Amino acid sequence: MKRLLTGIKPSGELTLGNYIGAIKQMVAEQDNYETFMFIADMHAITVRQDPKELKERIRKLLALYIACGMDPNKNKIYLQSENEYIASLSWILECHTYYGEASRMIQFKEKSKNNENFSVGLLTYPILMAADILYCDADYVPVGIDQVQHVELARDIATRINNVYGNIFKMPEAMVKESAIKIKDLKDPLKKMSKSEDNPQGSIALLDDINVIRKKIMGATTDSEMRIVYDMDNKPGISNLINIATSLSDYSKEDIEKMFEGKNYGEFKRFVADIVCDEISKIQEKYNELINSDILDKILDEGIKESRKLAKEKYDLLREKVGLIR
Ligand code: TRP
């Protein structure tokens with residue numbers, strides 16, 4: 001079975017948009033690939049973090065992913081920082097990466113612009129990411145479009161090292177899901193749904209109170225017509241709600257259009273709210289079971305074993321090839 005690897009940075013809270021646009025796909029993939037899923041906590045500290053908050057966010061994120069259906073029996077789930085070989089491997093990769101290459105990364109350029117005090121970690125961030133990917137010979141790396149350049153850098157580094165020292169790394173491929181549905185902001189349906197702290201009324205966090213979620217959907221921006229039809233250009237609000245409903249149920253767009261012919265927007269919103277609240281309640285129930293239990297620790301303890309074993313093998317091999325050996 002081909003190997004698929006995903007890293008998730010513990011930043012911000014997860015929204016309904018993340019759930020529909022990315023997490024559900026990941027959950028579906030776990031049957032098709034041997035999957036590695038880790039929390040990229042080391043990537044979070046390229047900018048200063050509050051330690052207590054970071055610790056909490058890591059745990060919450062992990063509990064939420066599992067509550068959303070990531071199955072610890074099908075995935076290796078681990079914490080990046082608990083695998084010390086990744087950072088060690090990253091150092092050797094850094095020494096095979098040109099400063100010019102690293103400083104050309106778009107994300108680095110954007111984040112270092114207008115900021116005099118950025119850390120060197122911001123520059124080496126994609127090289128640590130290369131170590132994440134290359135140590136376990138990942139075949140596929142599902143990423144957002146903004147991370148494709150980083151996967152390409154990982155390929156360049158791998159090619160260079162393979163050319164010099166023989167066949168060490170497998171060539172990973174970025175997997176960009178263009179077809180994933182992009183859920184829009186409920187108040188401004190032309191914008192992507194993003195973290196709810198930035199826009200509390202337009203965004204649904206997976207850990208929002210269920211009554212709050214219902215209110216947000218009932219208050220979603222629509223239009224002045226009274227037709228429930230899918231038309232992204234002319235009816236972005238209604239179309240967004242239809243996308244939400246079809247993503248979380250077996251109804252098709254056509255089913256919904258038929259069901260709500262001649263009905264009003266209030267009825268339609270109540271229908272969408274029921275679907276969303278039902279799905280999120282189930283997630284929250286599982287989340288609440290997990291968050292204060294020791295199951296999470298057991299999952300991480302188990303997941304890290306295979307990860308460390310593979311990373312040590314790769315690190316020892318490369319160390320030897322490079323001449324870091326007695
Ligand atoms: N940089 C990725 C992001 O911001 C997170 C990440 C870290 C990652 N290491 C990775 C993703 C390895 C895929 C593979 O989303």
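Just so we're clear, the structure is a prediction, and the values are computed from it rather than from any experiment. Order of appearance sets the numbers: ligands from 1, and atoms from 1 within every ligand. The residues of the chain are indexed from 1 along the displayed sequence.
- The cationic atom of K76 (NZ for Lys, CZ for Arg) lies less than 6.0 Å from the six-membered ring centre of F36 and within 45° of the ring axis.
- Of the N and O atoms on the side chains of N243 and Y230, at least one donor lies less than 3.5 Å from an acceptor on the other residue.
- In this structure, the protein non-hydrogen atom closest to atom 9 (N) of ligand 1 is D132 OD2, 2.7 Å.
- Only side-chain heavy atoms of I133 come within less than 4.0 Å of ligand 1; its backbone N, CA, C and O stay farther off.
- The closest side-chain donor-acceptor pair between N115 and S112, if any, does not fall under 3.5 angstrom.
- Nearest non-hydrogen protein atom to atom 6 (C) of ligand 1 is G7 O, 3.9 Å.
- Atom numbering of ligand 1 starts at 1 in the shown order; those under 4.0 Å from a heavy atom of A40 are 7 (C).
- Side-chain polar atoms of Q30 and D71 form no donor-acceptor pair below 3.5 angstrom.
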- Query: What's the verdict on side-chain hydrogen bond (donor to acceptor under 3.5 Å, both in side chains) for Y19 and S247, showing C-alpha distance, side-chain angles and the deciding distance?
  - Reply: CA-CA 10 Å; Y19 180 63; S247 306; over 6 Å; no
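- In terms of N/O distances under 3.5 Å, ligand 1 is not approached by Q80.
- Donor-acceptor pairing under 3.5 Å is lacking for the side chains of R104 and Q149.
- Considering backbone and side-chain N/O atoms, H150 never comes within less than 3.5 Å of an N/O atom of ligand 1.
- In this structure, the protein non-hydrogen atom closest to atom 2 (C) of ligand 1 is Q147 OE1, 3.5 Å.
- The ring-ring contact (aromatic ring centres under 6.0 Å, His included) search around Y251 returns F271, not counting sequence neighbours.
- Taking every non-hydrogen atom of V141 and a distance limit under 4.0 Å, the qualifying atoms of ligand 1 come out as 13 (C), 14 (C).
- For atom 1 (N) of ligand 1, the nearest non-hydrogen atom of the protein is Y125 OH, 2.8 Å.
- Numbered from 1 in the order shown, with element, the atoms of ligand 1 that lie under 4.0 Å from a heavy atom of L5 read 12 (C), 14 (C).
- The side chain of F38, and not its backbone, has at least one atom closer than 4.0 Å to an atom of ligand 1 (non-hydrogen atoms only; side chain from C-beta on).
- Protein heavy atom at the shortest distance from atom 10 (C) of ligand 1 is M129 CG, 3.4 Å.
- H150 and Y125 have tilted rings, their planes meeting at an angle from 30° to 60° on a 0 to 90° scale.
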